[in-house]
Amino acid sequence: MYNAVKIENKWRKIWEKSGIYRTKDKIKGKKNFYHLVMFPYPSGNLHMGHWYNYAPADVYARFKRMSGFNVLSPIGFDAFGLPAENAAIKNKIHPRAWTYKNIASMKKQLKSMGNVYDWSREIISAAPDYYKWTQWMFLKMYEAGLAEKKRTLANWCPKDQAVLANEQVINGRCWRHPETPVIQKEIEQWVLKITDYAEELLNGLEHIDWPARTKLMQKNWIGKSEGAVIKFPISQFLNKKYIEVFTTRPDTVYGATYLVLSPEHPLAESLATNDQKESVRHYITNAHLKTELERTSLDREKTGVFTGSYAANPVSGAKIPVWISDYVFVTYGTGAIMAVPAHDERDFEFAKKFNLPVVKVIDSGRNWPDSKPYAEGGLLINSGEFTGLESAEARKEITKWLKSKNLGDFSVQYKMRDWIVSRQRYWGAPIPVVYCKKCGIVPVPENKLPVRLPSLKNFKPVAGGKSPLARSKSFVNTRCPKCKSKAVRETDTLDTFVDSSWYFLRYADPKNKKYFAGAEKLKDWLPVDMYIGGAEHAVMHLLYSRFFVKALKTMGYLGFDEPFGALRHQGIILGEDGQKMSKSRGNVVNPDDLVKKYGADAARMYLGFMGEYSQGGPWSATGILGVKRFLDRIYNKFSIFNSQFSKAEKNGDFAKLLNQTVKKVGEDIENFNFNTAVSALMILFNRMEKTPVSKNDAETFLKLLCPFAPHIAEEIWHIIGNKKSIHLRSWPKFDLRLLEVGDYDLVIQINGKMRDKITVPKSLERIEIEKIVLNRDAIKKFTAGSEPKKVIFVPGRLINIVL
RNA sequence: GCGACCGUGGCGAAACGGCAGACGCACCAGCUUUAGGAGCUGGCGCCGCAAGGCGUGGAGGUUCGAAUCCUCCCGGUCGCACCA
């Protein structure tokens, strides 16, 4: 048994001193490979999830290094964010102090993993020389019309006392507080117009090597729908002659028997007739009081109110009532719908409840009762000149007709909404704008960046939904950069997802004072070749980053339009009880303890060995023991019985196995099948343990082992007489010819069931085998003399005799 | 409700449509006078003393041959959730 802690500490010190993991921007004859893991939030503790992300990722990085790439594998900290502020309020410590203290301790923990990180490129998103560029990017977007201030309904977390982006609302609750329902609040907000890139974000998915489910999630999130906007004439209100609706089913427009506006629709209140005014007002106010959760819970009964007004169906001329209901969202389409109860579930339910007419306009091919709407396509009925057309055809024809009458047009809508980035909190990058009475919104000039966070004492949110920054007079009061008169600063800070939307660019050139990163270095490294991190960021960080890169490309700052060429997700490690690890359940496994007990190498290797990487699964305290024993055996063989090296064996079974293993381990790592790579190493070593091996073969084995267990591999590498680091050596090559040597078993099947095995030399040609094996007499031996119907021969595998 | 993925020993899991259960854990037996979660050898899907039979959630199908492909059902995980 070897002393893992001692050996590991020793080698980490040596590696650090010699700088073997320092990355140069260019190395002659080597291709650059940008390998990235998602940078951690400095919560103060590296947990199993971090390890599971970073350890196997490091196996991959090391494999790539050895395979001849110049690998950049950087690390940093996503250091802005609410927990720092909450800790500040609770423990009377400044968020900066709290954050940097945590970074210091996490750095130690990260270093104990023995990863190839180039620490000279470390970035911290809360550092002024970083957030200067976050602010700069915000301003560039503002100049390009991609950032704007809007008064909108926003998701508000009562617990955070701050706005949330749509992507941060999970089942109507805050992503940080699953117990807290989000409410809707109307506030002035800075938004980034990610919707301008909806189509590109959708199309770009086709060309990137990402998990299919992640791409699908983004696709669904973007939620493209093709249809038509149709104008329904009304008697004039507020200079509006029409109510516009969006529909994906213009073919059913003859069946539109009423309209429904969202309670927030600009016309909702003004359309109310005198006798309906009170109930309409009541309904709208009520809708605003509800939480998002209450408004969208599916099992509740639909509610609504009649405005008293009518519109005309633009194709049939029928007079149809206009209703208001919260089953229509102001944020989607035009905030109003045409209701076709005969062919839509929701409209049907609503019409039944309020006794609205149901007109069938699609032939369902059956005599369907009125208890169920028919939502499929079909031939049109009761549809004037369009009767008889098929739905798909009718959609086009009717829209064309409406367009010719100026009553509608083709339209594409997306579910994705603009990204609200203002946060009413302290610990973030201040939004770099100034409000001037004369000049309005004025961006802070580039040479005045960064707008630094002032030192505060009180981090509690200011009543009325304002950032704690509003308390700092010296921060708020300033001069207008344009006209020099008195002005005030924006006090909201940026969502931390803005910080993380571009951090991967900064690693390429982390110290640059003039640019977020120099053009040449961006060219050297980006886009990221392999990105590894959790799937939970599918529609947040991973979507925002794509948007940022696309926007920066449009603005001419980048030469590529997708940030992450390839993406892989790790699964989630559960407690031994199969439940999510949590302090309250008491099933948390602390990686620091594992390092102390078994060493980082065993922990790294076991995380790879556990199972399918993207699957995750329950932790096993005894499972890691198996890996630790494996490493012990390796150490024992080479350190204690070190003199037993034999001459190299060139053509035997062992050479074949060694070659197979070289091939398999390499392929498996490339495909993220770390579990089978480890098992292949075990199979090989089980054999090596039983026979004397040559020094050369032992070295090959160590090279295969070293991405998984870098410390012990390095230790043995030196014990057996090497002077330079194993981590500077290249990945062993395999010899295709050696894979073919020796004999193999051929299975004899009868009607698909195994009957016998024969051994055949692999060198034999197919024809020779057929001569020997497939001749009638040989076969009759297996069939007890009867004539086979058919004989199937799969070279290298089997002979199946069909009787 | 919609969409995606997944169901293999006591457990984690392997298996180009071709010997199911590699590798490891746990367990059992033996060896080594062995006190550290040690080491070594062998066994270990289920039923059966055995020969043998049965086995990849269930029922069908395609195929000479199915854990793998197709259809339906059951169970689980994840995502979206009145998006017109």
Side-chain angles (χ1 to χ4, degrees), chain A residues 1 170-172 211-221 223-225 227 245-249 252 256 260 262 295-300 302 325-329 331-340 343-347 349-350 375 413-417 535-536 538-539 571-572 576 578 597-598 606 609-612 614-630 632-633 636 673 675-686 689 745-757 788-794 796-803:
Chain A
M1 207 159 115
I170 315 239
N171 292 327
R213 64 190 161 117
T214 306
K215 291 207 251 185
L216 191 68
M217 240 192 262
Q218 290 207 351
K219 187 182 165 207
N220 292 340
W221 188 262
K224 180 179 182 176
S225 292
V245 305
F246 171 71
T247 180
T248 54
R249 295 294 303 272
T252 63
V260 188
S262 138
R295 268 188 78 157
T296 57
S297 84
L298 284 171
D299 38 2
R300 86 189 201 293
K302 284 191 178 25
S325 173
D326 61 8
Y327 84 90
V328 176
F329 298 144
T331 45
Y332 183 76
T334 60
I337 62 156
M338 66 176 204
V340 185
H343 304 293
D344 182 279
E345 300 270 349
R346 298 148 300 181
D347 299 344
E349 189 193 329
F350 194 81
Q413 297 289 330
Y414 301 90
K415 278 191 226 172
M416 183 173 62
R417 299 184 218 166
E536 66 275 16
V539 294
I572 295 170
E576 287 217 75
K597 257 186 172 165
Y598 311 108
Y606 179 62
F609 186 56
M610 274 181 65
E612 227 258 285
S614 63
Q615 208 77 33
W619 177 258
S620 163
T622 51
I624 189 173
L625 220 68
V627 172
K628 169 65 171 153
R629 285 202 277 258
F630 176 57
D632 282 337
R633 278 160 52 209
N636 291 343
N673 297 130
N675 53 341
T676 46
V678 174
S679 97
L681 287 172
M682 288 174 169
I683 292 168
L684 175 63
F685 183 75
N686 288 348
E689 217 175 19
D745 288 338
L746 208 55
V747 174
I748 310 291
Q749 294 180 340
I750 296 189
N751 288 335
K753 293 229 166 186
M754 200 202 45
R755 262 305 118 81
D756 207 344
K757 266 188 225 175
K789 223 189 264 169
K790 201 169 161 191
V791 177
I792 291 141
F793 173 55
V794 183
R797 292 211 174 256
L798 60 83
I799 294 162
N800 185 13
I801 303 159
V802 185
L803 292 179

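If you're wondering where the values come from, they're calculated on a predicted model, not measured in any experiment. Just so we're on the same page: letters track the sequence lines, and every chain starts at 1.
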Quiz item: Atom CZ in Arg213(A), atom CD in Gln218(A): separation rounded to 0.5 Å?
Solution: 13.0 Å
Quiz item: Under 3.5 Å, side chain of Gln413(A) to main-chain N/O of Lys224(A), donor-acceptor pair present?
Solution: no
Self-check item: OG1 on Thr331(A) to NZ on Lys415(A), rounded to 0.5 Å
Solution: 11.5 Å
Self-check item: Residues forming a side-chain contact (heavy atoms from CB on, under 4.5 Å) with Glu612(A), sequence neighbours excluded
Solution: Ser614(A), Gln615(A)
Self-check item: Residues forming a salt bridge (Lys or Arg N to Asp or Glu O under 4.0 Å) with Arg633(A), sequence neighbours excluded
Solution: Glu689(A)
Quiz item: Atom NZ of Lys415(A) to atom P of G3(B): distance rounded to whole Å?
Solution: 12 Å
Practice problem: Looking at every strand, decide which applies to Val328(A) at a 4.0 Å heavy-atom threshold: base, sugar-phosphate, or nothing. | Solution: base
Self-check item: Contact nearer the 5' end of RNA chain B, comparing Tyr598(A) with Thr334(A)
Solution: Tyr598(A)
Exercise. Applying side-chain contact (heavy atoms from CB on, under 4.5 Å), name anything that partners Ala375(A), two or more places apart in sequence or on another chain.
Key: none
Self-check item: Close side-chain approach of Phe609(A) and Ile624(A), heavy atoms under 4.5 Å
Solution: no
Self-check item: Length of the line joining Asn220(A):CG and C78(B):C1', which is rounded to integer Å
Solution: 13 Å
Practice problem: With sequence neighbours left out, write down each residue that passes side-chain hydrogen bond (donor to acceptor under 3.5 Å, both in side chains) with Ser679(A), or none if nothing qualifies. | Solution: none
Practice problem: For the residue pair Ile801(A) and Ile748(A), establish whether any side-chain heavy-atom pair is separated by less than 4.5 Å. | Solution: yes
Exercise. Write down the distance separating the C1' atoms in G17(B) and C64(B), rounded off to the nearest Å.
Key: 12 Å
Practice problem: Name all residues meeting the ring-ring contact (aromatic ring centres under 6.0 Å, His included) criterion together with Tyr606(A); count only those two or more places apart in sequence or in a different chain, and write none if there are none. | Solution: Trp619(A)
Quiz prompt | Whole-Å C1' distance, C2(B) and U68(B) | solution = 28 Å
What does the list of N/O pairs under 3.5 Å between the protein and nucleotides 41-45 of chain B look like, with a distance for each?
none

Quiz item: Under 4.0 angstrom, heavy atoms only, what part of the nucleic acid is Lys597(A) near: base, sugar-phosphate, or nothing?
Solution: base
Exercise. Name all residues meeting the side-chain contact (heavy atoms from CB on, under 4.5 Å) criterion together with Ile572(A); count only those two or more places apart in sequence or in a different chain, and write none if there are none.
Key: Leu574(A)
Practice problem: Represent RNA chain B in dot-bracket notation, 5' to 3'. Only Watson-Crick or G-U wobble pairs with both distances under 3.5 Å count; pseudoknot-style crossings use [ ] and interstrand partners use |. | Solution: (((((((..(((.....[....))).(((((.......))))).(((....)))..(((((..]....))))))))))))....
Quiz prompt | Between C1' of A84(B) and NZ of Lys302(A), the distance in whole Å | solution = 11 Å
Quiz item: So, is A35(B) syn or anti if syn means the angle is within 90° of 0?
Solution: syn
Quiz item: If the P atom of U33(B) is compared with that of G24(B), how far apart are they to the nearest Å?
Solution: 27 Å
Please tabulate the protein-to-nucleotide N/O contacts below 3.5 Å involving nucleotides 61-66 of chain B, giving atom names and distances.
from, atom 1, to, atom 2, distance (Å)
C64(B), OP1, Lys790(A), NZ, 3.4
C64(B), O2, Asn800(A), ND2, 2.1

Quiz prompt | N/O (side chain, Tyr332(A)) to phosphate O (OP1/OP2, A84(B)) under 4.0 Å | solution = yes
Exercise. Using the P atoms only, state how far U62(B) lies from A81(B), rounded to an integer number of Å.
Key: 43 Å
Quiz item: Across the strands shown, which category fits Thr331(A) at heavy-atom distances under 4.0 angstrom: base, sugar-phosphate, nothing?
Solution: nothing
Quiz prompt | RNA chain B: 5'-proximal contact among Glu689(A) and Val747(A) (nearest heavy atom) | solution = Val747(A)
Quiz item: Taking the same atom, C1', in G7(B) and in G21(B), what whole-Å distance lies between them?
Solution: 16 Å
Quiz item: Separation of Asp326(A) atom CG from A84(B) atom C1', in whole Å?
Solution: 15 Å
Practice problem: Please name all residues satisfying salt bridge (Lys or Arg N to Asp or Glu O under 4.0 Å) with Lys219(A), sequence neighbours left out, ordered by chain then number. | Solution: none
Quiz item: In whole angstroms, how far is the P atom of A81(B) from the CE atom of Met217(A)?
Solution: 12 Å
Exercise. Quick one: list whatever passes side-chain hydrogen bond (donor to acceptor under 3.5 Å, both in side chains) with Ser262(A), sequence neighbours left out.
Key: Glu264(A)
Quiz prompt | Contact under 4.0 Å: Arg633(A) side-chain N or O vs G39(B) OP1/OP2 | solution = no
Self-check item: Lys/Arg cation over aromatic Tyr327(A): Lys302(A), 6.0 Å, 45° cone
Solution: yes
Quiz prompt | Separation of the C1' atoms in A59(B) and G42(B), to the nearest angstrom | solution = 42 Å
Quiz item: Just how far, in rounded Å, is C1' of C23(B) from CE of Met682(A)?
Solution: 7 Å
Quiz item: How does protein contact run along nucleotides 5-14 of chain B, one letter per nucleotide 5' to 3', with B for base contact, S for sugar-phosphate only, - for none, heavy atoms under 4.0 Å?
Solution: -------BSS
Quiz item: Does some side-chain heavy atom of Ile799(A) sit less than 4.5 Å from a side-chain heavy atom of Ile792(A)?
Solution: no
Exercise. State the syn/anti category of G58(B) according to its glycosidic angle, syn meaning within 90° of 0.
Key: anti
Quiz item: Just by distance, do the side chain of Asn220(A) and the backbone of Gly223(A) share a donor-acceptor pair under 3.5 Å?
Solution: no
Practice problem: For Asn686(A), report the nucleic acid contact type (base, sugar-phosphate, nothing); a contact means any heavy atom under 4.0 Å. | Solution: sugar-phosphate
Quiz item: For atom C1', what is the distance between G75(B) and C19(B), given to the nearest Å?
Solution: 31 Å
Quiz prompt | Nearest listed nucleotide, side chain of Arg629(A), among A4(B), G18(B), A26(B) | solution = A26(B)
Exercise. Determine the interatomic distance between C1' on G9(B) and the same-named atom on G43(B); round to the nearest Å.
Key: 15 Å
Quiz prompt | Rounded interatomic separation in angstrom, taking CG from Leu798(A) and C1' from A15(B) | solution = 15 Å
Practice problem: Write down the distance between CG (Asn673(A)) and C1' (C16(B)), rounded to a whole number of angstrom. | Solution: 14 Å
